[in-house]
Amino acid sequence: MAKEVVLSGIRPTGFLHLGNYFGAMRNYVRMQDEYNCYFFVANWHSLTTHPDTKELQSAVHRVVAENVACGLDPEKVSLYVQSDVPEIAELYLYLNMLAYKGELEKTTSFKDKVRLQPENINAGLLTYPVLMAADILIHRAVKVPVGKDQEQHLEMARNFAQRFNHRYGEVLPEPQAFNFGGELVKILSLDGEGKMSKSENQLNTLYLADSDELLRKKIMKAKTDQGPLEPNSIKPAYIENLFTLMKLVSNPDTYSKFEADFAASSTGNCIIRYGDMKKQLAEDMVQFITPIREKAAAIQEDKNLLARIIKTGAEKARESAHATLNEVRKAIGMNY
Ligand code: ADP
Ligand code: TRP
């Protein structure tokens with residue numbers, strides 16, 4: 001049986017962090033054997049909010065390098081750059097004729113961005129969900145691994161696909177967001193305030209590109225308190241987050257020891273030592289991130305390798321995109 005098609009995209013708008021790793025990239029890597037996977041760098045999308053392209057090329061290279069360093073195998077998946085696949089732009093054009101101004105203006109991400117950049121409310125921003133639908137539908141992908149914030153965009157992609165099929169005939173399957181069962185992890189910022197994210201709060205975010213020293217410094221400064229007041233207390237979010245991180249990167253015995261220390265602690269009998277816990281976590285984090293950082297840096301410096309990965313990815317993606325576009329043109333009657 002043919003493998004199901006999976007697609008996801010990452011905007012090259014900042015350094016990737018531990019939240020991206022455990023929330024997205026680790027899952028991409030897990031999917032690469034079971035599915036026919038397409039992963040791409042959404043550089044057209046980044047122009048809707050970041051018109052200055054001085055840093056764009058290095059950001060695109062970094063996203064590709066970091067994804068490969070995290071375990072994506074460019075032989076197994078198609079890892080490509082959006083602008084290398086012009087077929088997407090043609091499908092975007094057709095879908096734009098099926099998207100209504102009213103529904104685009106009501107999209108949550110559009111309203112957020114209007115507030116954030118009132119001086120640059122461009123048409124690309126308004127039609128962001130149409131381009132995203134084209135990204136997905138061009139490979140007739142059915143599973144799209146994304147976070148909760150993208151669910152509205154997925155719903156719009158299904159609507160555009162439905163309208164197309166209704167008007168021109170069944171060509172485009174309806175894609176669903178894919179959430180990895182109960183295993184969704186959310187990594188909080190090290191101060192426990194909100195999620196770890198690309199652009200906010202750099203000292204409380206662990207980036208895959210951080211040096212050992214910086215990782216240690218950030219973790220040692222992570223928020224803690226004087227310890228639990230009574231045995232088996234519920235952990236505050238910032239403490240829970242340290243345990244989450246430890247569970248992800250430390251060995252299970254280490255995690256269990258600190259878990260038991262926490263459960264046994266109370267006022268006047270504080271067994272858990274957060275300083276020791278953070279020191280251990282920092283060392284385990286360094287062990288975890290260093291190989292990824294070093295591998296990513298080596299790939300980023302090897303321009304020939306990068307070019308090869310990006311070219312192979314584009315070839316695979318264009319083959320699939322071309323096949324869909326043929327069907328689309330035939331259905332519309334634009335095959336002369
Ligand atoms: P950011 O908020 O850092 O800009 P994006 O919105 O580009 O990240 O998200 C890229 C992917 O990483 C998405 O699939 C998202 O669900 C995941 N992700 C981002 N931040 C976190 C986090 N703190 N914890 C878990 N997953 C995250
Ligand atoms: N909008 C997504 C984000 O902000 C990025 C993206 C663009 C995407 N096109 C996509 C994700 C297609 C999944 C599928 O994170």
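Indexing begins at 1, ligand by ligand and atom by atom, following the structure's order.
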Review point. Should Val146 be counted as touching ligand 1, given the test is an N or O pair under 3.5 Å?
Key: no
Practice item. Can you figure out which of Gly147, Pro145, Ser8 has its heavy atom closest to atom 14 (O) of ligand 1? Key: Gly147
Point to revise | From Glu155 atom CD to Glu174 atom CD, the distance as rounded to the nearest 0.5 Å | key: 11.0 Å
Check your understanding: Are Tyr35 and His139 an aromatic pair by the rule of ring centers under 6.0 Å?
Key -> no
Check your understanding: Which atoms from ligand 1 have a heavy atom of Lys186 less than 4.0 Å away?
Key -> 24 (N), 25 (C)
Review point. Which residue owns the protein heavy atom closest to atom 24 (N) of ligand 1, what's the atom, and how far is it?
Key: Ile187 N, 3.0 Å
Review point. For ligand 1, is there an N or O atom under 3.5 Å from any N or O atom of Lys195?
Key: yes
Review point. Got a sec: does the CD of Glu55 have more than 12 other heavy atoms crowding it under 6.0 Å?
Key: no
Point to revise | Residue-ligand contact His17/ligand 1, heavy atom below 4.0 Å | key: yes
Anything under 3.5 Å between an N or O on ligand 2 and a protein N or O? List each pair with its distance, or write none.
{"residue": "ligand 2", "atom": "1 (N)", "partner": "Tyr128", "partner atom": "OH", "Å": "2.7"}
{"residue": "ligand 2", "atom": "1 (N)", "partner": "Gln150", "partner atom": "OE1", "Å": "3.0"}
{"residue": "ligand 2", "atom": "4 (O)", "partner": "Tyr128", "partner atom": "OH", "Å": "3.3"}
{"residue": "ligand 2", "atom": "4 (O)", "partner": "Gln150", "partner atom": "NE2", "Å": "3.4"}
{"residue": "ligand 2", "atom": "9 (N)", "partner": "Asp135", "partner atom": "OD2", "Å": "2.8"}

Point to revise | Centroid-centroid under 6.0 Å between Tyr274 and Tyr238 rings | key: no
Review point. From Leu126 CG over to Lys113 NZ, what is the distance, rounded to the nearest 0.5 angstrom?
Key: 12.0 Å
Exercise for review: Of the side chain and backbone of Leu188, name the one, both, or neither that has a heavy atom under 4.0 Å from an atom of ligand 1.
Suggested key: neither
**Study point:** Per-atom contacts, ligand 1 versus Ala24 - under 4.0 Å to a heavy atom
**Key:** 11 (C), 12 (O), 14 (O)
Practice item. Decide if atom NZ of Lys3 counts as having more than 12 heavy atoms of other residues, nucleotides or ligands within a radius under 6.0 Å. Key: yes
Exercise for review: Within a distance under 4.0 Å of any heavy atom of Gly23, pick out the atoms of ligand 1 and give their elements.
Suggested key: 25 (C), 26 (N)
Revision key, fill the gap. Interatomic distance, CD1@Ile136 vs CG@Leu131, rounded to 0.5 Å, equals 10.0 Å
Point to revise | Sub-4.0 Å atoms of ligand 1 with respect to non-hydrogen atoms of Ser197 | key: 2 (O), 3 (O)
Exercise for review: May I ask you to check whether over 12 heavy atoms, not counting those of Lys54, lie within 6.0 Å of atom NZ?
Suggested key: no
**Study point:** Closest approach of any protein heavy atom to atom 25 (C) of ligand 1, naming residue and atom
**Key:** Val185 O, 3.2 Å
**Study point:** Shortest protein heavy-atom distance from atom 5 (P) of ligand 1, along with the residue and atom involved
**Key:** Lys198 NZ, 3.7 Å
**Study point:** Heavy atom of the protein closest to atom 26 (N) of ligand 1 (residue, atom name, distance)
**Key:** Gly19 O, 3.1 Å
Exercise for review: Would you indicate which of Asn27, Asp149, Asn20, Thr244 comes nearest to atom 17 (C) of ligand 1 when only heavy atoms are counted?
Suggested key: Asn20
Study note, to complete from the structure: Rounding to 0.5 Å, atoms OG (Ser8) and OH (Tyr38) come to a distance of 14.5 Å
Exercise for review: Please confirm whether Lys235 makes a cation-pi placement over Phe262, using NZ or CZ under 6.0 Å from the six-membered ring centre and within 45° of the ring normal.
Suggested key: yes
List the atom pairs, with distances to 0.1 Å, where a side-chain N or O of residues 59-76 and a protein N or O form a donor-acceptor pair under 3.5 Å, not counting sequence neighbours.
{"residue": "Asn67", "atom": "ND2", "partner": "Val63", "partner atom": "O", "Å": "2.8"}
{"residue": "Asp73", "atom": "OD1", "partner": "Glu75", "partner atom": "N", "Å": "2.8"}
{"residue": "Lys76", "atom": "NZ", "partner": "Asp33", "partner atom": "OD1", "Å": "3.1"}

Check your understanding: Around Ile234, counting heavy atoms of other residues, nucleotides and ligands shown, do more than 12 lie under 6.0 Å from its CD1?
Key -> no
Check your understanding: Can you tell me how far the CG atom of Leu125 sits from the CG atom of Leu47, to the nearest 0.5 Å?
Key -> 11.5 Å
